[in-house]
Visitor: 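Right, I'll just put the structure down here and ask away after.
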Amino acid sequence: GLRLYMERHDGTGATCDDFRIAMAEANEVDLEQFALWYSTVGTPTVSYQSSYDPEQHVFSLTLMQRVECDPNVLLHIPVAVGLLEKESGLEVQPTMTLELKERTQTFDFPNLPNDVVPSILRDFSAPVILVRDEGTEDGIHNMDENLGFLATYDTDGFNKWEAIQSLYAKCIFEMLENGLSNSKDDGGNSELLESVFRAFQCTMQDESLDPGSKSYLLNLPTEAILSRQLEIENPIGVHLARRELGIRIRDRFLRELKDTYDHVTASIPEGPAKIDTESRAIRALRNVILDFLCHIRSDDDKGLATAANVAIRHLETATCLTDRLAAFRILSSLSGTKVADETREKATELFYQFAKEQAQDPMVMNKWFQTQALSNLPHVLDRVKALTQHADFQATNAGRFRALVTSFTMNANAFHNDSGEGYAFITNILLQMDRISPQLASELAQKMAPWRRHDAQRSGQMQSQLRRIAATPQISPLLSQTVTNALK
């Protein structure tokens, strides 16, 4: 298909239709329905139901498509599917592509002696939203079970990652709903938390996974990703619940995490850091493991001291910016004991001196400012205010300004603090910046524009600051328009 396309159109102003026609002719396939992707607005939703007939040994998968913006359109959607046996976790149907062209289609898989779990949309075969048609509470329970199963056994990298990230998110939201608790009435862990533990352990022990894949699979979803899944954002709750899950994982697998960290550390050769794919993947895994090792409760003095020693050694022996930054990010949030505080200050000075040595690359100093703005310290706003007076901070330097001030707005736990002081600080500084750079001032104002997605207290505080900006005389037209749009 590509050869025919190049023969016809090399050196000409070709169109998407020219490409589609060449592909269709070369492969003798009709792509007229597929062409509707070019003109369809919005992201299609594919929902699915499944059933297994133990007498006929047939697994049935029903797929349904819907386009919210245009309910009448029917797309040609390639859905890559594999099947995993429930009892053993083995793959009994390698990846095959189903062609969904109708509103609803059922695909039968015969000759299966046992029930299976479908792994759908493998390799992200189509840009759609995939949802299970739960139907009943039992269906929701099965969905959670399937997530845990796929997170543990799926052989497709994308679907395994999607499953474990969804499992993490569900567990975090369960904690959020239950006041940071995942316990059952008998004091044991919830089924969701146990599913997370099983998936985490299986991923840690899976020798077929390369270090890069492991680092992505093990890492917890970010607070920003989690917040987007909530109808009303709860930034403080999400932060605490995510941290709690990290602590639970660390407590459950402390020995395995330590052994893995030591093993990976020993495998890294001495000398300058290598930049090949494998070496970078090994360092990424080591940094993720270090992060879990440093998820410590604030009252665990011994644990904090141990974490501080490991992280500062990681920083001092680092041979590349990635490793230095990973350790510095962890240490910048360490507090609660004298040892933790002293180690944090030592790390801050070490990274600052490194940034000064790398004066030819201002990005390194930007990282020094940014990391402190994003830290989890109880009084991070006071730290940010102090850093605005630092000798190496210039408000007229857009990169440096964004590294400190804009990064603070991404620190949801600090920016959205119940006191509302984060909003007031940003308002004060953007009004000053408006005289220098209306663009930067407008960017900051936009951080308070999603006020409707927050609870009454925070939305009221953000609205109040936006109105304060709007009432300020002689603000720039750009800032005025941004604030006006935000308040509409």
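Since we're looking at a predicted model, the values are computed, not measured.
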Visitor: So, F408 versus F425, ring centres under 6.0 angstrom or not?
Guide: yes
Visitor: Taking Q457 for its side chain and D418 for its backbone only, find out whether a donor-acceptor pair lies under 3.5 Å.
Guide: yes
Visitor: With no hydrogens and no angle check, just 3.5 Å: does a side-chain donor-acceptor pair link D392 and Y352?
Guide: yes
Visitor: Please determine, by modelled atom types, if N159 and S119 share a side-chain donor-acceptor pair under 3.5 angstrom.
Guide: yes
Visitor: Nearest heavy-atom pair of T388 and F393: which atoms, and what distance?
Guide: O-CD2, 3.3 Å
Visitor: Got a sec, which pairs hit ring-ring contact (aromatic ring centres under 6.0 Å, His included) with one end in residues 439-458, sequence neighbours left out?
Guide: H416-H454
Visitor: Checking T427 now: which residues fulfil side chain to side chain contact (heavy atoms under 4.5 Å, CB included) with it, not counting sequence neighbours?
Guide: L431, M448, Q465, R468, I469
Visitor: Could you walk me through whether L404 and Q370 pass the side-chain contact (heavy atoms from CB on, under 4.5 Å) check?
Guide: CA-CA 5 Å; L404 179 62; Q370 181 187 55; over 6 Å; no
Visitor: Mind running side-chain contact (heavy atoms from CB on, under 4.5 Å) on L245 and Y168 for me, showing each step along the way?
Guide: CA-CA 8 Å; L245 179 57; Y168 279 152; 3.9 Å; yes
Visitor: D323 and salt bridge (charged side-chain N to carboxylate O under 4.0 Å, His left out): which partner among R313, R286, R329?
Guide: R286
Visitor: Sequence neighbours left out, what pairs pass salt bridge (charged side-chain N to carboxylate O under 4.0 Å, His left out) with at least one residue falling in residues 400-415?
Guide: R402-E443
Visitor: List the steps and the verdict of side-chain contact (heavy atoms from CB on, under 4.5 Å) for R242 and L220.
Guide: CA-CA 8 Å; R242 181 183 183 275; L220 297 177; 3.7 Å; yes
Visitor: With sequence neighbours excluded, tell me which residues meet side chain to side chain contact (heavy atoms under 4.5 Å, CB included) with Q446.
Guide: S442, T482
Visitor: Any idea which heavy atoms bring A307 and I296 closest together, and the distance?
Guide: CB-CG1, 4.0 Å
Visitor: Can the ring centroids of H9 and F19 be said to lie less than 6.0 angstrom from one another?
Guide: no
Visitor: Does F253 have its ring centroid less than 6.0 Å away from the ring centroid of F292?
Guide: no
Visitor: For I475, does its backbone N or O pair with a side-chain atom of D434 as donor and acceptor, under 3.5 Å?
Guide: no
Visitor: Walk me through it: do R66 and E68 pass the test salt bridge (charged side-chain N to carboxylate O under 4.0 Å, His left out)?
Guide: CA-CA 6 Å; R66 184 181 75 257; E68 201 68 41; 3.4 Å; yes
Visitor: Determine whether a donor-acceptor pair (N or O, by modelled atom type, separation under 3.5 Å) exists between the side chain of S459 and the backbone of A456.
Guide: yes
Visitor: Using atom types as modelled, flag every donor-acceptor pair under 3.5 Å from a side chain in residues 376-383 to any protein atom, sequence neighbours excluded.
Guide:
unit_1: R383; atom_1: NE; unit_2: Q372; atom_2: OE1; d: 2.8
unit_1: R383; atom_1: NH2; unit_2: Q372; atom_2: OE1; d: 2.6

Visitor: Can you confirm whether the side chains of S125 and D123 place a donor and an acceptor under 3.5 Å from each other?
Guide: no
Visitor: Assess, by modelled atom type and distance only, whether the side chains of Q353 and E357 contain a donor and an acceptor separated by less than 3.5 Å.
Guide: no
Visitor: Determine the minimum heavy-atom distance between L290 and A327, stating which atoms define it.
Guide: CD2-CA, 4.3 Å
Visitor: In this structure, are over 12 heavy atoms from other groups packed under 6.0 Å from E278 atom CD?
Guide: no
Visitor: Check the pair D17, R20 against salt bridge (charged side-chain N to carboxylate O under 4.0 Å, His left out), reporting the backbone distance first and the verdict last.
Guide: CA-CA 5 Å; D17 283 335; R20 173 179 58 82; 3.3 Å; yes
Visitor: Will you find, in the side chains of E421 and N417, an N or O donor that is under 3.5 Å from an N or O acceptor?
Guide: no
Visitor: Distance alone, cut at 3.5 Å: any donor-acceptor contact between the side chains of Q358 and Q360?
Guide: yes
Visitor: Is it true that a side-chain atom of Q463 and a backbone atom of L487 form a donor plus acceptor pair closer than 3.5 Å?
Guide: no
Visitor: For the residue pair S190 / E174, report whether a side-chain donor-acceptor contact shorter than 3.5 Å exists.
Guide: yes
Visitor: Closer than 3.5 angstrom, by distance alone: can the side chain of H295 be matched with the main-chain N or O of D291 as a donor-acceptor pair?
Guide: yes
Visitor: More than 12 non-hydrogen atoms from neighbouring residues, nucleotides or ligands closer than 6.0 Å to OH on Y216, yes or no?
Guide: no
Visitor: Checking the side chain of K214 only, and the main-chain atoms of L285 only, is there a donor and an acceptor separated by less than 3.5 Å?
Guide: no
Visitor: Is the side chain of N485 donor-acceptor paired with the backbone N or O of Q481 at a distance under 3.5 Å, no angle test?
Guide: yes
Visitor: Look at the rings of F34 and H76 and say which category their plane angle falls in: under 30° parallel, 30 to 60° tilted, over 60° perpendicular.
Guide: perpendicular
Visitor: Using a 6.0 Å cut-off, check whether atom NZ of K274 has over 12 heavy atoms from anything other than its own residue.
Guide: no
Visitor: Locate the shortest heavy-atom distance separating A281 from G212; write the atom from each residue and the value.
Guide: CB-N, 3.4 Å
Visitor: Inspect the contact between R344 and D341 and indicate whether a charged nitrogen and a carboxylate oxygen are less than 4.0 angstrom apart.
Guide: yes
Visitor: Run R458 and D455 through salt bridge (charged side-chain N to carboxylate O under 4.0 Å, His left out) and show every step you take.
Guide: CA-CA 6 Å; R458 290 188 179 86; D455 59 32; 2.9 Å; yes
Visitor: Does a side-chain N-to-carboxylate-O contact under 4.0 Å join E177 and K170?
Guide: no
Visitor: Just checking, is any N or O donor in the side chain of S195 or R198 under 3.5 Å from an acceptor N or O on the other one?
Guide: yes
Visitor: Residues in side chain to side chain donor-acceptor pair (under 3.5 Å) with R243, at least two apart?
Guide: none
Visitor: Could you check whether R252 makes a cation-pi contact with F200, meaning its NZ or CZ is under 6.0 Å from the centre of the six-membered ring and within 45° of the ring axis?
Guide: no
Visitor: Can you confirm whether the side chains of T306 and N309 place a donor and an acceptor under 3.5 Å from each other?
Guide: no
Visitor: Which atom pair, heavy atoms only, marks the closest approach of C69 to G42?
Guide: SG-CA, 4.4 Å
Visitor: Is there a salt bridge (charged side-chain N to carboxylate O under 4.0 Å, His left out) between K346 and E316 once you walk through the steps?
Guide: CA-CA 10 Å; K346 180 181 179 181; E316 290 173 332; 3.0 Å; yes
Visitor: Could you pull out the closest heavy-atom pair between V339 and A308, with the gap in Å?
Guide: CG1-CB, 4.4 Å
Visitor: Show your reasoning for whether side-chain contact (heavy atoms from CB on, under 4.5 Å) applies to R132 and N146.
Guide: CA-CA 10 Å; R132 181 183 175 96; N146 287 353; 3.2 Å; yes
